[in-house]
**Q** 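Could you have a look at this structure, given as structure tokens, before my questions?
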Amino acid sequence: MVVNMDETRLTTIAQIEQFLVASAVVQFTPSQNDEERYAHISRVLKRFDYPRLGKADKGVLLRYLGHTSGYSRQQLTRLVSRWQSNRLAPTPLVKRYMAPNAPFARKYTSADMALLLEMDRANEDVCAPAIVRLFWRAFHEYGDPRYERLASLSSSHLYNLRKSTSYQLRRVSLIKTRAVCNPIGQRRVPRPDGRAGFVRVDTVHQGDLDGVKGVYHITCVDAVSQWQVQSCVQGISEAYLLPVLGLVIGQFPFQVIGFHSDNGSEFINRQVAKLLEKLRIEQTKSRARHSNDNALAESKNASVVRKHMGYSHIPQKYAKPINAFYENVFNPWLNMHRPCLFASELVDPNPSLSTFR
């Protein structure tokens with residue numbers, strides 16, 4: 001339904017204010033013709049003698065024009081400034097911009113896009129400078145008239161043509177994700193089935209300072225009993241990691257059956273796999289797109305390591321004293337004496353090591 005409104009009887013600012021209050025819940029759909037809206041704004045400004053109004057009355061009138069014309073307050077301010085640019089005789093608003101009668105000519109045609117597609121397919125999508133050089137040679141050295149326009153194509157604009165819709169609709173290449181075939185470890189979540197001995201492991205870096213690496217913390221926690229062992233190494237290469245990893249496994253009060261980590265190279269390598277195989281420990285690694293597989297160890301990194309060791313840089317020379325502190329002080333306190341809101345009895349084969357967490 002279309003309702004035409006005659007607003008010429010609104011002649012005072014008070015009537016405009018009453019109209020705005022009464023029509024607050026009414027949704028206006030202005031005309032899409034800018035010339036009609038410009039004419040309406042000019043008539044209202046002239047009828048109320050806008051230049052002579054006070055600041056408050058001008059604000060009311062602008063709210064009314066925004067309500068009826070659909071223009072924003074910023075656009076109305078610009079239009080009013082144009083209207084009253086001549087203070088003696090304000091001129092009606094006229095649309096100053098419109099679509100050109102003859103739009104800009106398209107330099108590269110559909111035939112050029114087809115040549116670009118053919119060249120990209122033949123050369124397996126090499127870089128833009130190489131394609132541009134091939135276009136230049138095709139026209140200047142081999143005299144092919146089809147490449148006359150493309151011979152002057154720039155490398156930067158070639159990327160613009162490749163991004164165009166007409167190009168991408170006809171030139172789409174999909175490559176499947178290549179699976180990483182690493183035979184070390186089984187890619188699955190551990191299955192402890194309520195048994196202690198299936199540990200999760202992760203590393204935390206203590207940050208860099210002026211290009212110098214800091215120490216690395218190793219977090220190892222059992223999935224069922226929550227028994228946690230912390231250690232510290234100077235680096236994550238085999239020379240530093242393997243001796244400490246054996247000490248970490250030895251600090252658990254039960255036999256370690258499973259060893260689960262993410263896909264980082266510090267644990268997924270032949271040296272670690274050989275050590276675990278020697279101890280008859282099953283090695284598993286996180287699955288793709290399953291971030292919860294190793295979430296237990298990663299959560300301990302924040303709630304334990306970062307809480308007690310902070311985020312500041314610690315030089316690598318302090319790795320041995322920190323590791324001794326972990327082994328002699330921190331790990332016993334962490335598993336035997338740290339208060340826990342919900343206490344539960346930890347049962348293990350050695351009753352002397354039973355504790356409450």
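As the structure is a prediction and not an experimental result, all values here were calculated from the model.
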**Q** Which value, rounded to the nearest 0.5 Å, describes the distance between Ser303 atom OG and His308 atom NE2?
**A**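 Rounded to the nearest 0.5 Å, the OG-NE2 separation comes out at 8.0 Å.
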**Q** Test of understanding: with side-chain hydrogen bond (donor to acceptor under 3.5 Å, both in side chains), list the residues that count as partners of Arg146, not counting sequence neighbours.
**A**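 With neighbours one apart ignored, the set is Asp144.
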**Q** Under 3.5 Å, is there a donor-acceptor pair between the side chain of Asn294 and the main chain of Val201?
**A**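 Yes, the answer is positive, given that a donor and an acceptor are paired below the 3.5 Å cut-off.
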**Q** For Gln271, I'd like to know if atom CD has over 12 heavy atoms of other residues, nucleotides or ligands within 6.0 Å.
**A**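 Yes, the 6.0 Å shell around CD holds more than 12 heavy atoms from other groups.
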**Q** Pair up each side-chain donor or acceptor in residues 229-251 with any protein partner under 3.5 Å, not counting sequence neighbours, and list the distances.
**A**
{"unit_1": "Gln230", "atom_1": "OE1", "unit_2": "Thr219", "atom_2": "OG1", "d": "3.1"}
{"unit_1": "Gln230", "atom_1": "OE1", "unit_2": "Gln228", "atom_2": "NE2", "d": "2.7"}
{"unit_1": "Gln230", "atom_1": "NE2", "unit_2": "Ile218", "atom_2": "O", "d": "3.3"}
{"unit_1": "Gln230", "atom_1": "NE2", "unit_2": "Thr219", "atom_2": "OG1", "d": "3.4"}
{"unit_1": "Gln251", "atom_1": "OE1", "unit_2": "Asn331", "atom_2": "ND2", "d": "3.0"}

**Q** In terms of hydrophobic clustering (I, L, V, M, F, W, Y; side-chain heavy atoms under 4.5 Å; direct or indirect links), are Phe252 and Leu275 co-clustered?
**A**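 Yes; tracing contacts between hydrophobic side chains, which count when under 4.5 Å, links both residues.
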**Q** Do His67 and Leu20 have side chains that get closer than 4.5 Å, going by heavy atoms?
**A**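 When only atoms from C-beta onward are counted, Leu20 and His67 do touch, with a gap below 4.5 Å.
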**Q** Answer whether the closest heavy-atom distance between the side chains of Ser72 and Gln75 falls below 4.5 Å.
**A**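 In short, these two side chains touch, coming nearer than 4.5 Å.
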**Q** Is it true that atom CD of Gln15 has more than 12 heavy atoms of other residues, nucleotides or ligands lying nearer than 6.0 Å?
**A** yes
**Q** With a 4.5 Å limit on heavy-atom distance, are the side chains of Met309 and Tyr326 in contact?
**A**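 Counting from C-beta outward, Met309 and Tyr326 do come under 4.5 Å.
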**Q** If every non-hydrogen atom of Leu76 is compared with every non-hydrogen atom of Ser69, which pair is closest and at what distance?
**A** CD2-OG, 4.0 Å
**Q** Minimum heavy-atom separation for Ser152 and Lys107, please, with both atom names.
**A** OG-NZ, 4.1 Å
**Q** Can you tell me if His205 uses its side chain to pair, donor with acceptor, with the backbone of Tyr216 under 3.5 Å?
**A** no
**Q** After noting the C-alpha distance and the side-chain angles of Asp202 and Ser261, does the key distance pass the side-chain contact (heavy atoms from CB on, under 4.5 Å) rule?
**A** CA-CA 6 Å; Asp202 197 18; Ser261 66; over 6 Å; no
**Q** Can you get from Val212 to Ile322 by hopping between Ile, Leu, Val, Met, Phe, Trp and Tyr side chains that sit under 4.5 Å apart?
**A** no
**Q** Sequence neighbours left out, what passes ring pair (Phe, Tyr, Trp, His ring centres under 6.0 Å) with Phe325? Give chain and number order.
**A** Phe330
**Q** Leu65, Tyr38: one ILVMFWY side-chain cluster at the under-4.5 Å cut-off?
**A**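 They do share one cluster, since a chain of ILVMFWY contacts under 4.5 Å joins Leu65 to Tyr38.
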**Q** Would you please name every residue forming a side-chain hydrogen bond (donor to acceptor under 3.5 Å, both in side chains) with Tyr142, sequence neighbours left out?
**A**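 Only Arg137 meet the side-chain hydrogen bond (donor to acceptor under 3.5 Å, both in side chains) criterion with Tyr142.
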**Q** Could you list who else is in Leu161's hydrophobic cluster, with ILVMFWY side chains joined at under 4.5 Å, directly or through other members?
**A** Tyr108, Met113, Leu115, Leu116, Leu117, Met119, Val126, Ile131, Val132, Leu134, Phe135, Phe139, Tyr147, Leu150, Leu153, Leu158, Tyr167
**Q** Is a side-chain donor or acceptor of Arg187 paired with a backbone partner of Ser286 at a separation under 3.5 angstrom?
**A**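 Flag set: sc Arg187 to bb Ser286 pair under 3.5 Å.
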**Q** For residues Gly59 and Arg73, report the shortest heavy-atom separation together with the two atoms involved.
**A**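 Closest heavy-atom pair between Gly59 and Arg73: CA-NH2, 3.9 Å.
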**Q** Report the residues that fulfil ring pair (Phe, Tyr, Trp, His ring centres under 6.0 Å) with His140, sequence neighbours left out, ordered by chain and then residue number.
**A** Trp136
**Q** How far apart are the closest heavy atoms of Pro192 and Pro190, and which atoms are they?
**A** CD-O, 3.4 Å
**Q** Work out which heavy atom in Arg195 is nearest to a heavy atom in Arg191; give both atom names and the distance.
**A**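 For Arg195 and Arg191, the tightest heavy-atom pair comes out as NH2-O, 3.7 Å.
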**Q** Which value, rounded to the nearest 0.5 Å, describes the distance between Phe259 atom CZ and Phe198 atom CZ?
**A**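 CZ of Phe198 is found 14.0 Å from CZ of Phe259.
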**Q** If you round to the nearest 0.5 Å, how far is CZ of Arg200 from OG1 of Thr284?
**A**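 Those atoms lie 7.5 Å apart.
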**Q** If you look only at pairs with a residue in residues 113-126, which of them pass as a salt bridge (Lys or Arg N to Asp or Glu O under 4.0 Å), with sequence neighbours excluded?
**A** Asp120-Arg162, Asp125-Arg171
**Q** List the residues meeting side-chain hydrogen bond (donor to acceptor under 3.5 Å, both in side chains) with Arg170, not counting sequence neighbours, and say none if there are none.
**A** none
**Q** Show every salt bridge (Lys or Arg N to Asp or Glu O under 4.0 Å) that has at least one partner inside residues 213-228, sequence neighbours left out.
**A** Asp208-Lys213
**Q** Hey, what do you get for CD (Gln226) to CG (Leu334), rounding to the nearest 0.5 Å?
**A** 10.5 Å
**Q** Go through it in stages, so that I can follow the logic: the residues are Leu279 and Val256, the test is side-chain contact (heavy atoms from CB on, under 4.5 Å), and I'd like the CA-CA distance, side-chain angles, deciding distance and then a yes or no.
**A** CA-CA 9 Å; Leu279 299 175; Val256 176; over 6 Å; no
**Q** Counting C-beta onward and ignoring hydrogens, is there a side-chain heavy-atom pair between Ile257 and Arg280 closer than 4.5 Å?
**A** no
**Q** Check whether any side-chain N or O of Arg63 sits under 3.5 Å from a backbone N or O of Val60 as a donor-acceptor pair, and report yes or no.
**A** no
**Q** side-chain contact (heavy atoms from CB on, under 4.5 Å), that's the test. Do Val21 and Gln18 meet it? Break it down for me.
**A** CA-CA 5 Å; Val21 173; Gln18 294 176 2; 5.8 Å; no
**Q** Supply the atom-to-atom distance Leu62 CG to Ile16 CD1, rounded to the nearest 0.5 angstrom.
**A**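 Reported to 0.5 Å precision, the distance equals 11.5 Å.
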**Q** Determine whether a donor-acceptor pair (N or O, by modelled atom type, separation under 3.5 Å) exists between the side chain of Arg270 and the backbone of Ile184.
**A** no
**Q** Ignoring hydrogens and geometry, is there a side-chain-to-backbone donor-acceptor pair from Asn269 to Ser265 under 3.5 Å?
**A** yes
**Q** So, the side chain of His290 versus the backbone of Ala288: is there a donor-acceptor pair under 3.5 Å, distance only?
**A** yes
**Q** Please tell me whether Val94 and Val44 are part of a single hydrophobic cluster in this structure, the criterion being side-chain heavy atoms less than 4.5 Å apart.
**A** no
**Q** Any non-hydrogen side-chain atom of Gln186 less than 4.5 Å from a side-chain atom of Gln283?
**A**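 No, their side chains stay 4.5 Å or more apart.
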**Q** Would Lys58 and Tyr50 count as a cation-pi pair here, with the cationic atom under 6.0 angstrom from the ring centre and within 45° of the axis?
**A** yes
**Q** Apply side-chain hydrogen bond (donor to acceptor under 3.5 Å, both in side chains) to the pair His40 and Thr68, showing each step before the final yes or no.
**A** CA-CA 9 Å; His40 166 66; Thr68 55; 3.1 Å; yes
**Q** Considering all heavy atoms of both residues, which atom of Trp83 and which atom of Pro92 are nearest to each other, and what is their separation?
**A**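 Between these two residues, the closest heavy atoms are CD1-CA, 4.3 Å.
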**Q** How would you list, by chain and number, every residue that makes a ring pair (Phe, Tyr, Trp, His ring centres under 6.0 Å) with Tyr71, sequence neighbours excluded?
**A** none
**Q** Does some side-chain heavy atom of Arg338 sit less than 4.5 Å from a side-chain heavy atom of Val304?
**A** yes
**Q** Have His217 and Thr203 got a donor and an acceptor in their side chains that come within less than 3.5 Å?
**A**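 There is no such pair (donor and acceptor under 3.5 Å, judged by atom type) between the side chains of His217 and Thr203.
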**Q** Return yes when atom CD of Gln255 has more than 12 non-hydrogen atoms of other residues, nucleotides or ligands closer than 6.0 Å, and no otherwise.
**A**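 12 or below, so no.
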**Q** Where do Asp262 and Lys285 land on the side-chain contact (heavy atoms from CB on, under 4.5 Å) test, with the steps shown first?
**A** CA-CA 5 Å; Asp262 55 17; Lys285 54 187 177 181; over 6 Å; no
**Q** Would Phe267 and Leu296 show up in the same hydrophobic cluster when neighbours are defined by side-chain heavy atoms closer than 4.5 Å?
**A**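 Not linked; separate clusters.
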**Q** In chain order, what residues pass the side-chain hydrogen bond (donor to acceptor under 3.5 Å, both in side chains) check against Glu282, with sequence neighbours excluded?
**A**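 side-chain hydrogen bond (donor to acceptor under 3.5 Å, both in side chains) list for Glu282, sorted by chain: Arg188.
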**Q** Quick one: ring pair (Phe, Tyr, Trp, His ring centres under 6.0 Å) partners of Phe19, sequence neighbours excluded?
**A** Tyr64
